[in-house]
Amino acid sequence: MDASVYLLLIAFVLGLVTILAEPAVYVLTQQIEQVTNGYVKRKAVLVALSLGVGLAVLLSVIRIMVPGLELWHYLLPGYIIAIGLMYIVPKMFIGMAFDAGGVASGPMTATFILAFVQGAAQSIEGADVIRDGFGMIAMVAMMPIITLQLLGLIFKLKSKREDR
């Protein structure tokens with residue numbers, strides 16, 4: 001049980017820091033800050049992306065550890081949430097969110113996190129290295145969409161408060 005807690009902690013931290021090393025993320029965050037004239041800060045987008053990818057890797061490792069938990073148990077509700085948020089958040093954040101989903105699953109993620117998750121799947125009894133490892137990529141592509149749309153929701157609520 002102690003090893004499981006450490007594995008989950010390492011998964012979350014690895015997801016957090018790997019996205020910070022992704023070259024395309026820096027290009028995306030610079031463009032977002034530039035297009036919004038500084039309204040959406042680069043740091044806020046980086047935090048949202050990091051938390052999203054960290055959570056995606058954490059959930060992927062949980063899926064590997066829990067027998068019977070399938071990838072669609074995460075993806076179906078996740079994309080339902082993402083589609084629902086599309087009707088609430090400002091349109092600017094919708095485009096940013098879907099761009100971030102593709103950017104987050106870039107070369108650093110595929111290199112480091114995929115190897116980590118496949119290693120975890122290989123060492124956990126009953127897990128399939130191929131199915132469970134590549135499921136992580138789908139999770140990493142989905143979670144930034146949700147977290148950036150939640151960031152957009154926060155910006156929307158914040159601007160409504162300021163209008164009052």
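Heavy-atom basis, side chains included; hydrogens, waters and symmetry copies ignored. Numbers here simply count residues along the sequence, with the first being 1.
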Holding to side-chain contact (heavy atoms from CB on, under 4.5 Å), I want the full list of residues that pass it with Ala11, two or more places apart in sequence or in another chain.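 With sequence neighbours excluded, Ala11 shows a side-chain contact (heavy atoms from CB on, under 4.5 Å) to Val57, Val61, Phe116, given in chain and number order.
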Joint cluster assignment, [X] & [Y], ILVMFWY side-chain distance < 4.5 Å:
| X | Y | answer |
| --- | --- | --- |
| Val27 | Leu46 | no |
| Tyr87 | Ile80 | no |
| Tyr79 | Ile81 | yes |
| Val129 | Ile10 | no |

Hey, does the side chain of [X] reach the backbone of [Y] with a donor-acceptor pair shorter than 3.5 angstrom?
| X | Y | value |
| --- | --- | --- |
| Thr29 | Val45 | no |
| Tyr74 | Ala56 | no |
| Lys41 | Glu33 | no |

Taking atom [atom1] of [X] and atom [atom2] of [Y], what is their separation to the nearest 0.5 Å?
| X | Y | atom1 | atom2 | value |
| --- | --- | --- | --- | --- |
| Ile64 | Ser123 | CD1 | OG | 8.5 Å |
| Leu85 | Leu151 | CG | CG | 11.5 Å |
| Leu14 | Ile19 | CG | CD1 | 11.0 Å |
| Leu71 | Ser60 | CG | OG | 7.5 Å |
| Ser159 | Ile154 | OG | CD1 | 12.0 Å |
| Arg42 | Thr36 | CZ | OG1 | 12.0 Å |

Between [X] and [Y], what is the shortest heavy-atom contact and its length?
| X | Y | value |
| --- | --- | --- |
| Val103 | Glu22 | O-CG, 3.8 Å |
| Ile32 | Met96 | CG2-SD, 3.1 Å |
| Val25 | Leu49 | CG1-CD1, 3.8 Å |
| Leu69 | Arg63 | O-CG, 3.2 Å |
| Leu20 | Ser50 | CD2-OG, 3.4 Å |

Distance-only donor-acceptor pairs under 3.5 Å for side chains of residues 136-148, two or more places apart:
unit_1 : atom_1 : unit_2 : atom_2 : d
Thr147 : OG1    : Ala48  : O      : 3.1
Thr147 : OG1    : Met143 : O      : 3.2
Thr147 : OG1    : Pro144 : O      : 3.3

Under the side-chain contact (heavy atoms from CB on, under 4.5 Å) rule, what do Val89 and Ile94 come out as? Steps first, then yes or no, please. CA-CA 7 Å; Val89 302; Ile94 297 169; 3.6 Å; yes
Within a strict 4.5 Å, meaning less than it, do heavy atoms of the Phe112 and Val117 side chains meet?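 Side-chain contact under 4.5 Å: no.
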pair Leu8-Ile62: side-chain heavy atoms closer than 4.5 Å: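 Result yes, sub-4.5 Å side-chain heavy-atom pair found.
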In this structure, which one of Ile113, Thr111, Val53 forms a side chain to side chain contact (heavy atoms under 4.5 Å, CB included) with Thr18? Ile113
For Phe155 and Phe93, take the angle between the two ring planes, folded into 0 to 90°, and tell me which bin it lands in: parallel under 30, tilted 30 to 60, perpendicular over 60.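 Taking Phe93 first and then Phe155, their aromatic rings sit tilted (interplane angle of 30° to 60°).
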Got a sec: does the CZ of Phe98 have more than 12 other heavy atoms crowding it under 6.0 Å?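 More than 12 within 6.0 Å, yes.
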Does Gln122, at its CD atom, have more than 12 non-hydrogen atoms belonging to other residues, nucleotides or ligands within less than 6.0 Å?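 Counting neighbours around CD of Gln122, 12 or fewer heavy atoms of other residues, nucleotides or ligands fall under 6.0 Å, so no.
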